[in-house]
A.B. asks: 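I'd like to ask you about the structure that follows.
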Amino acid sequence: MAKSSKSSSARPAAPKPGPATTTARTAKVSAAPEITTGVGGEVHQTASGHQLRLTTNMGHVIADDQNSLKAGPRGPTLLEDFILREKITHFDHERIPERVVHARGTGAHGFFELTDSLADLTTARILGEVGEKTEVFVRFSTVAGSKGSMDLARDVRGFAVKFYTRDGNWDLVGNNIPVFFIQDPIKFPDIIHAAKPEPDRGFPQAQTAHDTFWDFIAMTPESMHMIMWIMSDRTLPRSYRMIEGFGVHTFRLVDAQGRSTFVKFHWRPKLGAQSVLWDEAVKINGADPDYHRRDLWNAIDKGDFPEWELGVQLFDEAFADSFDFDHLDSTKLIPEELVPLRIIGRMVLDRNIDNHFAETEQVAFCTANVPPGIDFSDDPLLHGRNFSYHDTQLIRLGGPNFHQIPINQPKGCPFANFQRDGHMQMTVPKGRVAYQPSLLDPRNAREDPVAGFKSFPAPVEGTKLRARSETFSDHYSQARQFFLSQTEPEQNHIINALVFELSKVETAEIRERMLGHLSNIETSIATRVATGLGFAGAIPVVDAAQPTRRDLELSPALSILAKTTPSLLGRMVGCLVTEGSDASLVNAVRDAVTDAGAKFLVVAPTVGGVTLSDGATQAADYQLQGGPSVLFDAVVVAASEEGAAQLLKEASAIDFVHNAFVHLKVIGHSRASQPLLDKAGVVPDAGVVALGKGAGATFVKTAGVGRLWDREPSVRTVF
Ligand code: HDD
């Protein structure tokens, strides 16, 4: 017989599954809890303290949030249950479209402070008043991957800054690379479709190493400069705290007299730019796909606030006219050796978000958001972007009122106009007049011809046509300049990245055409990549019609390594310990590493930690299998004799040491750990240091230098 609700009601009352509702409402609260949510629930006095009442969205206090309303304990669920319906309906609608590019991002709050005034060049107060602090929100992102993709994809990083200035929001929507793939926005959907998962199969995710991407590139000579950058270590950052940022386009600064100066914006990280190796990136993605967002969150949480300098390159029409390249072409940069950076301010990220969706997901950037005193150049890509960003928010955030979402509202100044209605109007505009001019409401918002935004009156004339300027046509000279300005290890990485990516391309014709482009950049790049691909044929000639490539002055500022100042500041040191590890060694290294401004993190066979040689308990930050050496910048292997013997049977311990070695990291070790080092294939060199007396100072001195680049040719093939 089917169990009817009637028959079940004859049984003893069934216990309610899950915690009783009342538990949540009367939970013992030791002190008045901080009521931080945005829900409008009432605070209710209980015997043990204050408790926020759980309510529906309409404010009805909920008595039972564990059980839906049924006809009898086993009976059908009743449609009447408005509490269930509201909760499920809201859940069903929780997702919004992810960004078509830059879907995976992480955000943080902070401030910008001007240190050098540009008041003589611009009316924008944020760039004129020294000492002025302006609230900012920054969103870092990868480009190609979906929201759930891994952080260490080989990809450009977005570096979007929203300044809540007193003159309105200013969005500097940049990348960690100063040039772009294309010159005309009409190509943007094509390059993105080519890079994204192939539409018939839906993969690969967050990767450019596939046929469609390289097919598009092989047919697009204007992308060659960007290709050199994206195949470089720039696309494998060690941390968001360690990336440079670039506004890419030429913008204008406009002064009170209406005079204009061209400007390019650059962010410089205080910790220096740093990258990881490709093999390391692949392994970090497995060990911690959230490596970058966790790193940023943890640093801010612990008070290690990341900081960047804002630099500007300023130039006038005369320089623009004399420059070999068109300053309106986003595939070109102006070398710092030609127009040096002037540092004008600093940005500090000092507050983590409260809610990922409300802030990082809903933040809406647009290159067109500029305060009076900043204006656009005629870079066609910028003009396309000025349209695209606002447009995309309409579908992503659901309508024209997305500027009312708290993260998008101007905070530095009020806003007032007669735009009305639309989906999700959150304000209640008052009065009968929703227009101007008006005699009925003369005190309402009106234009201000003095303080208001005025476009720079650039003279414009021309025949209407679809064409690309001749001044945009040299696609190889700056690509060559970039490659030749890199240090040897950096050049090797570009070659190996090209070999890796093109080896994933199944169509031989695409691979070969790419060799032709590489040869136009620099012959040795093409021959080295051809060797790596095992290609013995003749390298095809492509785009012979292009203007002859030129040899430009090298620009050391384009290299990360050439600018690196060795330091442990902001880095992470992982120390592998076992039962009986030498307490004096561990403590000495911890103290020295911490004094040097790095984090000292302990990896142990169990997360419960170990007992050191002096009997003290050493807590662990990571269990060995969850704390591989790829997570750290340098490592210490501090095993005791017995511990080392046990770790010889532990694959993750051998990997820990082996990977630290092949990722060119400094390895400090106890003498007792030597058998583990031997088993892991560690060959003694300047970066492998036995730690004894003065362990802390020895380790910090060696690790402060960074990676052992000389080791690289002995651990992997450099084509
Ligand atoms: Fe873009 C997002 C950076 C060219 C169209 N872009 C987006 C973001 C960054 C950039 C950092 C993420 C913003 C965020 O965190 O919300 N984009 C760039 C740079 C470019 C560039 C530095 C070249 C100099 N973008 C570009 C072009 C177009 C777009 C040429 C279209 C014509 N970009 C978009 C977009 C996105 C976007 C589709 C997706 C989500 C969004 O705007 O808000 O509109």
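Numbers here simply count residues along the sequence, with the first being 1. Since this is a predicted model, take the numbers as computed values, not measurements.
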A.B. asks: Enter the distance from Asp685:CG to Leu708:CG here, rounded to the nearest 0.5 Å.
C.D. replies: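 One gets 5.0 Å once the value is rounded to the nearest 0.5 Å.
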A.B. asks: Does Asp151 use its side chain to pair, donor to acceptor, with the backbone of His292 at less than 3.5 Å?
C.D. replies: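 The answer is yes, because a donor-acceptor pair under 3.5 Å joins these two groups.
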A.B. asks: If only atom types and distance count, is the side chain of Glu244 paired as donor or acceptor with the main-chain N or O of Ile560 below 3.5 Å?
C.D. replies: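 No.
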A.B. asks: Assess whether atom CD of Glu642 is packed by more than 12 heavy atoms of other residues, nucleotides or ligands within 6.0 Å.
C.D. replies: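 Counting other residues, nucleotides and ligands, CD of Glu642 stays at 12 neighbours or fewer.
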A.B. asks: With a cut-off of 6.0 Å (strictly less than), are more than 12 heavy atoms of other residues, nucleotides or ligands near CD of Glu506?
C.D. replies: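 Not buried by this count: 12 neighbours or fewer within 6.0 Å.
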A.B. asks: Is there a donor-acceptor pair closer than 3.5 Å between any side-chain N or O of Gln491 and the backbone N or O of Phe483?
C.D. replies: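 Answer holds: yes.
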A.B. asks: What's the verdict on salt bridge (charged side-chain N to carboxylate O under 4.0 Å, His left out) for Glu650 and Lys679, showing C-alpha distance, side-chain angles and the deciding distance?
C.D. replies: CA-CA 11 Å; Glu650 178 56 63; Lys679 182 142 189 195; over 6 Å; no
A.B. asks: Over all heavy atoms of both residues, which pair between Ala153 and Asn285 is shortest? Give the atoms and the distance, please.
C.D. replies: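 Minimum heavy-atom separation between Ala153 and Asn285: N-ND2, 4.0 Å.
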A.B. asks: Determine whether the aromatic ring centres of Phe500 and Phe719 lie less than 6.0 Å apart.
C.D. replies: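 Ring-ring flag for Phe500/Phe719: false, centres at least 6.0 Å apart.
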A.B. asks: Should Gln486 and Leu561 count as side-chain neighbours, where that means a heavy-atom distance under 4.5 Å?
C.D. replies: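 Counting from C-beta outward, Gln486 and Leu561 never come under 4.5 Å.
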A.B. asks: Enumerate the ring pair (Phe, Tyr, Trp, His ring centres under 6.0 Å) contacts for residues 560-609, please, sequence neighbours excluded, ordered by first and then second residue.
C.D. replies: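 The answer is none; no pair qualifies.
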A.B. asks: Do Ser239 and Gln274 have side-chain atoms, one donor and one acceptor, less than 3.5 Å apart?
C.D. replies: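 Side chains of Ser239 and Gln274: no pair found under 3.5 Å.
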A.B. asks: Does the side chain of Ser673 pick up a donor-acceptor pair with the side chain of Ser670 at under 3.5 Å?
C.D. replies: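 The criterion, which ignores hydrogens and geometry beyond distance, is satisfied for Ser670 and Ser673.
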A.B. asks: Going through the distances and angles, do Arg154 and Glu501 end up as a salt bridge (charged side-chain N to carboxylate O under 4.0 Å, His left out)?
C.D. replies: CA-CA 10 Å; Arg154 189 199 298 281; Glu501 296 261 320; 3.3 Å; yes
A.B. asks: Can Ser559 and Glu490 be counted as having a side-chain donor-acceptor contact under 3.5 angstrom?
C.D. replies: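 Distance-only check passes for Ser559 and Glu490.
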A.B. asks: So, Arg157 side chain and Thr235 main chain: donor-acceptor pair closer than 3.5 Å or not?
C.D. replies: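 A pair under 3.5 Å: yes.
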A.B. asks: Is the backbone N or O of Arg234 less than 3.5 Å from a side-chain atom of Ser232, with the two atoms forming a donor-acceptor pair by type?
C.D. replies: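 Indeed, once roles are kept as given, a pair shorter than 3.5 Å links the two residues.
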A.B. asks: Do you know the tightest heavy-atom contact between Thr606 and Gln623?
C.D. replies: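 Taking Thr606 first and Gln623 second, the nearest heavy atoms are CA-CG, 4.0 Å.
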A.B. asks: Test: salt bridge (charged side-chain N to carboxylate O under 4.0 Å, His left out). Region: residues 602-627. Which pairs qualify, not counting sequence neighbours?
C.D. replies: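 Output for this query is empty, none listed.
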A.B. asks: Ring-plane angle category for Phe246 and Trp229, please: parallel below 30°, perpendicular beyond 60°, tilted otherwise.
C.D. replies: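 Phe246 and Trp229: perpendicular rings.
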A.B. asks: Is there a side-chain contact between Lys599 and Leu601 in this structure, where contact means two heavy atoms from C-beta onward sitting under 4.5 Å apart?
C.D. replies: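 Counting from C-beta outward, Lys599 and Leu601 do come under 4.5 Å.
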A.B. asks: For the residue pair Ala703 and Leu568, what are the closest heavy atoms and their distance?
C.D. replies: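 Answer, listing the atom of Ala703 first, then Leu568: O-CD2, 4.0 Å.
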A.B. asks: Under 3.5 Å, is there a donor-acceptor pair between the side chain of Ser613 and the main chain of Ala583?
C.D. replies: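 Yes: the side chain of Ser613 pairs with the backbone of Ala583.
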A.B. asks: Just verifying a value: how many Å separate Ser567 OG and Lys270 NZ, rounded to the nearest 0.5 Å?
C.D. replies: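 It comes to 12.5 Å.
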A.B. asks: Taking Lys196 for the side chain and Ala144 for the main chain, is one N or O donor matched with an acceptor at less than 3.5 Å?
C.D. replies: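 Yes; judged by distance alone, with no hydrogens or angles, the pair exists.
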A.B. asks: Measure from the side-chain N and O atoms of Asn352 to the backbone N and O of Trp297, and report whether any donor-acceptor pair falls under 3.5 Å.
C.D. replies: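 Flag set: sc Asn352 to bb Trp297 pair under 3.5 Å.
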A.B. asks: Mind checking whether Asn176 and Tyr240 have side chains closer than 4.5 Å, heavy atoms only?
C.D. replies: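 Asn176 vs Tyr240: side chains apart.
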A.B. asks: What do you reckon, are the aromatic ring centroids of Trp709 and His493 less than 6.0 Å apart?
C.D. replies: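 Ring-ring flag for Trp709/His493: true, centres closer than 6.0 Å.
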A.B. asks: Whether Arg346 and Glu113 form a salt bridge (side-chain N of Lys/Arg under 4.0 Å from carboxylate O of Asp/Glu) is what I want to check.
C.D. replies: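 Arg346 and Glu113: salt-bridged.
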A.B. asks: Closest heavy-atom contact between Gly145 and Ala206?
C.D. replies: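 Taking Gly145 first and Ala206 second, the nearest heavy atoms are CA-CB, 3.6 Å.
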A.B. asks: For Asp288, check side chain to side chain donor-acceptor pair (under 3.5 Å) against everything at least two apart and list the hits.
C.D. replies: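 For Asp288, the residues satisfying side chain to side chain donor-acceptor pair (under 3.5 Å) (neighbours in sequence not counted) are Arg294.
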A.B. asks: Quiz question: by atom type and distance under 3.5 Å, do the side chains of His109 and Asp350 form a donor-acceptor pair?
C.D. replies: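 Side chains of His109 and Asp350: no pair found under 3.5 Å.
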A.B. asks: Check Arg104 with Glu361, please: is the shortest side-chain N to carboxylate O separation under 4.0 Å?
C.D. replies: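 Looking at Glu361 and Arg104, the cut-off is not met.
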A.B. asks: Which heavy atom of Gly694 sits nearest to which heavy atom of Thr698, and what is that distance?
C.D. replies: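 Closest approach of Gly694 to Thr698, heavy atoms only: O-OG1, 2.7 Å.
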A.B. asks: Quiz question: by atom type and distance under 3.5 Å, do the side chains of Gln205 and Ser146 form a donor-acceptor pair?
C.D. replies: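 Result is yes, a qualifying pair exists.
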A.B. asks: Hey, what do you get for CD1 (Ile667) to CG (Leu576), rounding to the nearest 0.5 Å?
C.D. replies: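 Between Ile667 CD1 and Leu576 CG, I get 11.0 Å after rounding to 0.5 Å.
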A.B. asks: Can Thr212 and His210 be counted as having a side-chain donor-acceptor contact under 3.5 angstrom?
C.D. replies: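 The criterion, which ignores hydrogens and geometry beyond distance, is satisfied for His210 and Thr212.
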A.B. asks: Output yes when a side-chain donor or acceptor of Lys563 lies under 3.5 Å from a complementary backbone atom of Ala557, and no otherwise.
C.D. replies: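 Such a contact is found between Lys563 side chain and Ala557 backbone.
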A.B. asks: Find out whether Val635 and Val603 are in side-chain contact, i.e. whether some heavy atom of one side chain is under 4.5 Å from a heavy atom of the other.
C.D. replies: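 When only atoms from C-beta onward are counted, Val603 and Val635 do not touch, as no gap falls below 4.5 Å.
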A.B. asks: Could you report the tightest heavy-atom contact between Ala638 and Leu585, atom names first, then the distance?
C.D. replies: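 Looks like CB-CD2, 4.0 Å.
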A.B. asks: When the ring centroid of Phe111 is compared with that of Trp308, is the distance short of 6.0 Å?
C.D. replies: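 When the ring centroids of Phe111 and Trp308 are compared, they turn out to be at least 6.0 Å apart.
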A.B. asks: Without hydrogens or angle criteria, can the side chains of Arg716 and Asn496 be said to hold a donor-acceptor pair below 3.5 Å?
C.D. replies: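 No donor-acceptor contact under 3.5 Å links the two side chains.
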A.B. asks: Do any N or O atoms from the side chain of Thr578 and from the backbone of Ala639 form a donor-acceptor pair under 3.5 angstrom?
C.D. replies: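 Pair absent, no side-chain N/O of Thr578 close to backbone of Ala639.
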A.B. asks: Under a 4.0 Å N-O cut-off, is there an ion pair linking Arg241 with Asp304?
C.D. replies: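 No, Arg241 and Asp304 are not salt-bridged.
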A.B. asks: Regarding Asp211 and Lys504, does a basic nitrogen lie under 4.0 Å from an acidic carboxylate oxygen?
C.D. replies: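 Here Asp211 does not pair with Lys504 in a salt bridge, since their nearest N and O are not under 4.0 Å apart.
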A.B. asks: Verify whether one side chain among Ser485 and Ser555 offers a donor that lies under 3.5 Å from an acceptor in the other.
C.D. replies: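 Ser485 vs Ser555: no donor-acceptor pair found between side chains.
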A.B. asks: Can you find a heavy atom in the side chain of Glu198 that is under 4.5 Å from one in the side chain of Arg201?
C.D. replies: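 Result yes, sub-4.5 Å side-chain heavy-atom pair found.
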A.B. asks: Should the pair Arg268-Glu309 be classified as a salt bridge under the 4.0 Å nitrogen-to-oxygen rule?
C.D. replies: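 Looking at Arg268 and Glu309, the cut-off is not met.
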